[in-house]
Peer 1: 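Below is a structure I'd like to ask you about.
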There are 4 protein chains.
Amino acid sequence: MTFAQNPRDTDDDKLHEECGVFGVIGGADAAAATALGLHALQHRGQEAVGITSFDGAEFFTRRGLGHVADNFSSGDSIAELPGHVAMGHVRYSTTGGAGLRNVQPLYAELASGGFAVAHNGNISNSRALRSELVGKGAIFQSTSDTEVIIHLVATSRYPTMLDKLIDALRLVEGAYALIVMTPRGMAACRDPLGIRPLVMGKLGDAIVFASETVALDVVGAEFTRQVDPGEFIEVDFDGTVRSHRPFGERKARPCIFEHVYFSRPDSIFNQRSVYESRKNIGIELAREAPCDADLVVPVPDSGVPAAIGYSQQSEIPFELGIIRSHYVGRTFIQPSDGARNAGVKRKHNANRAIVEGKRIVLIDDSIVRGTTSLKIVQMMRDAGAAEVHFRVASPPTGHGCYYGVDTPERSKLLAGRMDLSAMREFIQADSLSFVSINGLYRAVGLASRDGDSPQYCDACFTGEYPTPLTDLAQRHDREAQLTLPVNKVA
Amino acid sequence: MTFAQNPRDTDDDKLHEECGVFGVIGGADAAAATALGLHALQHRGQEAVGITSFDGAEFFTRRGLGHVADNFSSGDSIAELPGHVAMGHVRYSTTGGAGLRNVQPLYAELASGGFAVAHNGNISNSRALRSELVGKGAIFQSTSDTEVIIHLVATSRYPTMLDKLIDALRLVEGAYALIVMTPRGMAACRDPLGIRPLVMGKLGDAIVFASETVALDVVGAEFTRQVDPGEFIEVDFDGTVRSHRPFGERKARPCIFEHVYFSRPDSIFNQRSVYESRKNIGIELAREAPCDADLVVPVPDSGVPAAIGYSQQSEIPFELGIIRSHYVGRTFIQPSDGARNAGVKRKHNANRAIVEGKRIVLIDDSIVRGTTSLKIVQMMRDAGAAEVHFRVASPPTGHGCYYGVDTPERSKLLAGRMDLSAMREFIQADSLSFVSINGLYRAVGLASRDGDSPQYCDACFTGEYPTPLTDLAQRHDREAQLTLPVNKVA
Amino acid sequence: MTFAQNPRDTDDDKLHEECGVFGVIGGADAAAATALGLHALQHRGQEAVGITSFDGAEFFTRRGLGHVADNFSSGDSIAELPGHVAMGHVRYSTTGGAGLRNVQPLYAELASGGFAVAHNGNISNSRALRSELVGKGAIFQSTSDTEVIIHLVATSRYPTMLDKLIDALRLVEGAYALIVMTPRGMAACRDPLGIRPLVMGKLGDAIVFASETVALDVVGAEFTRQVDPGEFIEVDFDGTVRSHRPFGERKARPCIFEHVYFSRPDSIFNQRSVYESRKNIGIELAREAPCDADLVVPVPDSGVPAAIGYSQQSEIPFELGIIRSHYVGRTFIQPSDGARNAGVKRKHNANRAIVEGKRIVLIDDSIVRGTTSLKIVQMMRDAGAAEVHFRVASPPTGHGCYYGVDTPERSKLLAGRMDLSAMREFIQADSLSFVSINGLYRAVGLASRDGDSPQYCDACFTGEYPTPLTDLAQRHDREAQLTLPVNKVA
Amino acid sequence: MTFAQNPRDTDDDKLHEECGVFGVIGGADAAAATALGLHALQHRGQEAVGITSFDGAEFFTRRGLGHVADNFSSGDSIAELPGHVAMGHVRYSTTGGAGLRNVQPLYAELASGGFAVAHNGNISNSRALRSELVGKGAIFQSTSDTEVIIHLVATSRYPTMLDKLIDALRLVEGAYALIVMTPRGMAACRDPLGIRPLVMGKLGDAIVFASETVALDVVGAEFTRQVDPGEFIEVDFDGTVRSHRPFGERKARPCIFEHVYFSRPDSIFNQRSVYESRKNIGIELAREAPCDADLVVPVPDSGVPAAIGYSQQSEIPFELGIIRSHYVGRTFIQPSDGARNAGVKRKHNANRAIVEGKRIVLIDDSIVRGTTSLKIVQMMRDAGAAEVHFRVASPPTGHGCYYGVDTPERSKLLAGRMDLSAMREFIQADSLSFVSINGLYRAVGLASRDGDSPQYCDACFTGEYPTPLTDLAQRHDREAQLTLPVNKVA
């Protein structure tokens, strides 16, 4: 499988949501709907995919590396997954050696019957739990933190599967949006803070769960509501839906980066249009950081909505000064004769006829390491831009995420090691501004950030983590000399 | 190779350029540069790719189904193609049974040495020539019309390879942009009318040829000039460049659809920015067919530049009312429970939050069969649009192309079987307008179309073919009952 | 992997040893030696193969379907398995759905460190043990009975790995020859009756374990001695060898079928040359069942040694009246026009020039279902044999094996459902004789079978099983209507 | 396809027949019968296989590297080859780069219709013919000498396919057994000397052609007769069979090595049982080179029939002192710790219990390079043999073959560079004898070799080539410094 050789686009300088989940119960073509739903969530994880179905008697699982379409577009692949209930998972990364073992859904034959789970998020005390379980004789199949949940369920003394799962989740800390399948039906739940997203819909008589509403749209389902933070929803095969709140009521803190970049612009997240949030960020940015320029140019595609907002607010014309190739993914061998930046041009190429001689405002959604931003500024200058002003539709990203997002270690985050002026110099822009944290909160419809009890998880901007980080703390004890360790989450 | 099972995106309703070509002579990493150049031309052909190199002694060829990145991104694949000269080809379709045989470059060992050729275009008398050659004992390896050229060269009585090739091309009718490699060097030529594009650039000391300037940008080469219609350029290994005009001077008629859809917006075609041509078409369209509406919504991605033009001219805001998935290609199994149009939503999804309750002007580059246009209008209405006005950035496409473009037969072209009012009804839009043919010529910088001697080939709009169509005429004799036969071009 | 589609040669009518094991500790090229050793044991299992190595820090495992040569002949495959200790396993069958999961060595990360195991044999109370373990929260990865051992070790309360393993094996009933690898070294052990074979050798400074001595020959090792029944041998990385007898002393009962068919003729089993045992059986058979004939013809290749013995004793010339193809394995599509028995001819073809007009004595090692014997008799008659006398170099096989041998259910064993005369009629031979059970014991150097305490396990001939058969008994309780259930062993 | 990496068993020291051919016309399951027939001819070529069928309208071809069973055992593969006529080819070697191109049957679309050919043999003036054809404009697809025949047919001026083919074959020199398929039917022919074998049979109403009679046996066909040297047999779809002798009558000289090694022992070649010929050679050898020994030991499998003859004549007991593994093919990585000769033991292992302390006569069919013979003698000594006498069932092989057999260059043939005494010393045997050339002729039923006009081609023993060797002579002119060039035949 050549895909595995070079799975990440190394020119990409984004934070990455690690996973997307989708499940459907009660429909005739459960596996086909799941494949389509996962395809709509492909932006949440491109490196591996799996689907599990249950036909009333047996569980069936099929997994693969690569895209949903590479693995589940054939009739044969769907025919291997019979039954009226199915669920699946796309994930961003599969750690090398483990190959398909870490690809979800994970499945186990428990004393109480089959149990399958798909998980978006990260359990921040999984190492501690795992080592305790192994000490008691548990044998792990994968290196995934999700398997911890299965072993906790398997060894729970509670009688019902529901109680076992709640028992297990009480021991778990971190972020999770889970879909679970058993011979009794399907369950979906979200951690008490609702850090990772999960929504519910209706497709004919079937109930659907998905990470984002766009997956409901694509399969033709209607959006019912979000799964609430700390909510645990059970669906039986007869269509009965029961909601539980085993962890009591707490104030939610969903991930604000879903508005900034992770979710698709046509999704509704936390009751708001993602597209409108992004356009609003552009409007805020135009107010906070205006600019005397000839053109507003988005870094496509993620910078486009904010650029439209910036253009409408500033009345500077919006133009495609950078053209994005549809065909990206793999890195190519660089010919040594090539001019600088052939790599980045493979993905983004300057539209010289538009840019030449112009003062431009570049709009991007975020800056992570800054390496791509530098190349894009250079590309604009090489194409003859007279001035290049950089405007970023999120605050500086200075802190790692431990809730299921792939983040570089702090020392590699541009905002983790430089102030604004140094960042501007690094990317060689004529000016650089980020939207303020309050500007961001205004763009998502709030008056401002509530400093005592923030309405969203914004730890990547503020460093204020809403949960304890047990594994990290233990590692710090062991590796005290490191300022911040590599954030290797699953 | 699963890609081959279902190579075409059946929801796509576009005309398709059949091929892209790229060649480089004199550079250290010729094959790597060729892979990168072909990657930049991937939009001209996604179904197969091949590269041939020559190391001074031997020719090396590697071909594959699928994208350039699937076949030529590894170091191993490039290492199989040593030498300072290489050329390659991407193509849109490979006829089933023939598999890799039809994938170019084609290569033959002639008495005068090796001969490799990559061809964009279509030879419209290839059947007649082929049958004559087979009658004389020629054995064909492929069903490609390009192989006819090789056999004509092989059996030519002229002494030099240059003369043999000119001798061969004199017998050929139709459209071609050719790159040829022999042990003596590289040659590039374009048919007398210059129907298909071909440009020349410089990459350090190396000479580069490519279908479009974007490929020069991506490899880091400088644009020198286009290869002129009817021009034949020889490049030796010592860098000597010789230009010939073996067919005399004729007025050029390049394909106007390169401006409308085929070329990338960041390419320069026939001395003009393609992006600006498209934006100008949007401006012309706003003048010719204004509309009382709330939003201008492009059908992404090809409708975007014209929509920007339309918005700027009409002062109606530009908004992303349709979101395009980055992950398309394969058709999925449709779950029977799904609402209508799950297929089209896989690729294009309505941004309901933006569209709901609004009067929208949809902008697309062209309408071919009309099936996708209908689905997109429906999707807008399903998302709550109050009115849907459709504006098309090209004249009605009522005629097939026989010059290397994959066109449905006339009876399947919407404009081939209906008038404007019937088309509007078919796609269920509130109003429908196409840019006029003179509006299109104005958008590309001309006062108007010269009816006596048109400045471009516009046969798909006007039915005026600039060359004889021998194979088609012979087929008509045989199949007189058909109004227009299937256009099976290569 | 097409091999998996049709893994068994359906024309084959033999009992099959399920597995072969090989391990080496202390040598420079442990994985390469293991691959070669397993290759020499390929006749013990052709459907899957795996090797695990340990480099002092990490364990490495590689498994595959098919032959050793298909999976471990490349340098790359061996390079994936670094370290001075390695062990491997070939197996006869992998149950469909489970794919590679059941392929050994099995490996688990226990609290005490890594633990890998390769097992030849069958645990006859594995279902009971498994269900108990699952009840306590154990999660199984495979359907293999071998995994039961790992879970028993993981949950044992004893402190050392040695004690844990002994603790686990005390709970286990049935037959096993085990090789185990831990970060401390390698261990090898054999069940108290020594049903399955296991030998020990020396390769330079390294210690080697293998199912048969032929594997020692092929890797160039010297035969030291057999691992004794009930013996547990530990080898450390410094070369220290310790022998334990945790189960006390019991009289051994090794499998007599190793002499009849399972072992290679060039192996030494239970202190005797297998080739000589087989030749002796032929001599006994010639004494017990003489025949007036022109030629002794072996059913190749397994009938050859007994046929040589029969020929030498009877002074009837030995001739190759049947030629065996070297290229067997897969079943082909049968052309309907073909004469009868094209299937069997693909593997065995009559040497008509030799057979025509002659009275022949056919010698085969055993008869299981009798279907192939019938076809071979027919083939001899079709080739013009005047008379066909069948002599079998083992007693009638009337009982299933539950110790790691793939046996058809009793109702499909020819000797399980017919007496001698009916068997002769079924296979259409002019006469039929089997060697007597005492003749067989004489051929392996004993005066006769000790009825009170047999010197070998001969349950397949006598129905006297030397251990309890717990799973089978429980199944009988559940399925009392079945005379004898399918023997699904692993 | 890993098979291609290491296709030859490098421990093998045999001459190799390059090809086997099979064709059937008039039967319902032509492709299935062809697959089965080729499987029976697998010993004539293991590295590639192809089948072509014709369904009355179209030709279908499928080729692959590896064994017949790897490529043609599935129902799907056979279903791709519809029609009542099919033919196929197995070949020994495929030259690297060319991959599947050189795999036969070769096929061409000629002006007169489709033309497929499968060829066993070698055209000894193919270079000269090829260069002439290329000079006239022919374009070759492969490097195979067989393609020369197709081009000669394509450019022949004769009207019928029969006449075109005869016209082509008149220009050809060397050895060929050909099967040809056209839309008119099938034809089979053999070169005027009948060097390579070809037989004809009947399968119901269908006519079958094959390299050996064993293929007729396996598909259930009846042997009709051999195709005579210089005979050209046409079979129409209505079953009409016509025989032609376009080259007049000449005395035949079939290859005597078919008796020695190439053909399967159960085949009838040139009216004689191959098994009996081989046994007779053993008898002649026992007369010409008797030996005072305890055991006759064959080098399995090819030495077995001669060893049986030697044993019967000498009355020294026949024993399997060497056991051959059924699982050979690929070379393994040699562990450096291994004792000498692990490689040869992988295939042949000493049966120490039999050999130890004995004086043995080893019987092999031939000695080519002598390297394996040396290893086997050493293996016998390592196993404790008191004396090792080597007897070879063919005369010394001192000359290359240019008729479709893969032979090392003369300087690598043991008998090409040493006399008998040096050979004995090289292989370290106590004595060495070859059967005499007249002994060989007696064994195949003749009084002696006719020196003026030999009854067989025996050039590999005598150096007397029955045809001119044009390509070789021309190469000699060019490379006068070489005593004898590499014999690279196809």
Side-chain angles (χ1 to χ4, degrees), chain C residues 2 5-6 27-29 32-33 35-36 39-40 42-43 67 69-70 73-75 78 203-204 206 214 217-220 264-266 268 273 275-276 301 304-305 308 312 317-320 323 325-327 329-340 342 345-346 349-354, chain D residues 2 5-6 27-29 32-33 35-36 39-40 42-43 67 69-70 72-75 78 203-204 206 214 217-220 264-266 268 273 275-276 304-305 308 312 317-320 323 325-327 329-340 342 345-346 349-354:
Chain C
T2 53
Q5 291 183 301
N6 193 356
D29 301 297
L36 204 52
H39 177 75
Q42 189 76 80
H43 59 287
H67 287 192
D70 297 334
S73 56
S74 72
I78 296 302
L203 175 61
V214 67
D217 291 355
V218 167
V219 302
R264 251 179 60 165
D266 41 349
I268 304 298
S273 155
Y275 177 83
E276 285 190 295
D301 281 351
V304 171
I308 292 173
Q312 289 180 2
F318 169 92
E319 297 284 359
L320 299 187
I323 301 298
S325 170
H326 287 164
Y327 307 98
R330 227 91 47 100
T331 300
F332 277 71
I333 304 301
Q334 289 301 319
S336 51
D337 278 0
R340 61 177 180 177
K345 281 182 187 168
R346 192 171 47 81
N349 188 40
N351 190 352
R352 171 182 289 273
I354 291 305
Chain D
T2 54
Q5 292 183 301
N6 194 355
D29 301 296
L36 204 52
H39 176 75
Q42 189 76 81
H43 58 287
H67 286 192
D70 296 335
F72 293 100
S73 57
S74 72
I78 296 300
L203 175 61
V214 69
D217 291 354
V218 168
V219 302
R264 253 180 57 166
D266 41 349
I268 303 297
S273 156
Y275 177 83
E276 286 190 295
V304 171
I308 292 173
Q312 289 181 2
F318 170 94
E319 297 284 0
L320 300 188
I323 301 298
S325 170
H326 287 165
Y327 308 99
R330 227 92 45 103
T331 300
F332 277 70
I333 304 301
Q334 289 302 318
S336 51
D337 277 2
R340 63 178 177 173
K345 281 183 188 168
R346 192 170 47 80
N349 189 39
N351 191 350
R352 170 182 291 270
I354 292 305

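Residue numbering restarts at 1 for every chain, and letters A, B, ... go by the order of the sequence lines. These numbers come from the heavy atoms of this one structure, side chains and all, not from hydrogens, waters or symmetry mates.
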Peer 1: Counting only non-hydrogen atoms closer than 4.5 Å, does C:Ile323 touch chain D with its backbone (N, CA, C, O), its side chain (CB onward), both, or neither?
Peer 2: both
Peer 1: Would a 4.5 Å heavy-atom cut-off, applied to side chains only, mark C:His326 and D:Arg264 as touching?
Peer 2: no
Peer 1: What do you reckon, are the aromatic ring centroids of D:His67 and C:Tyr327 less than 6.0 Å apart?
Peer 2: yes
Peer 1: Tell me, do C:Ser325 and D:Gln42 make a side-chain contact under 4.5 Å, heavy atoms counted?
Peer 2: no
Peer 1: Looking at D:Tyr275 and C:Leu320, would you say the former's side chain and the latter's main chain have a donor-acceptor pair under 3.5 Å?
Peer 2: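 Side chain of D:Tyr275 to backbone of C:Leu320, a donor-acceptor pair under 3.5 Å: yes, one is there.
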Peer 1: Is it the backbone or the side chain of C:Ala35 that comes under 4.5 Å from a heavy atom of chain D, or both, or neither?
Peer 2: both
Peer 1: Measuring from D:Ile268:CD1 to C:Asn351:CG, what's the distance to the nearest 0.5 Å?
Peer 2: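 Rounded to the nearest 0.5 Å, the CD1-CG separation comes out at 7.5 Å.
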Peer 1: Contact between C:Arg352 and D:Asp266 at the side-chain level, heavy atoms closer than 4.5 Å - yes or no?
Peer 2: no
Peer 1: With a 4.5 Å heavy-atom cut-off, do C:His39 and D:Arg346 have their side chains touching?
Peer 2: yes
Peer 1: For a side chain to side chain contact (heavy atoms under 4.5 Å, CB included) check, start with the C-alpha distance between D:Glu276 and C:Ile354, then their side-chain angles and the critical distance, and finish with the verdict.
Peer 2: CA-CA 8 Å; D:Glu276 286 190 295; C:Ile354 291 305; 3.7 Å; yes
Peer 1: Can you say whether D:Ala33 sits under 4.5 Å from chain C via the side chain, the backbone, both, or neither, judging by heavy atoms?
Peer 2: both
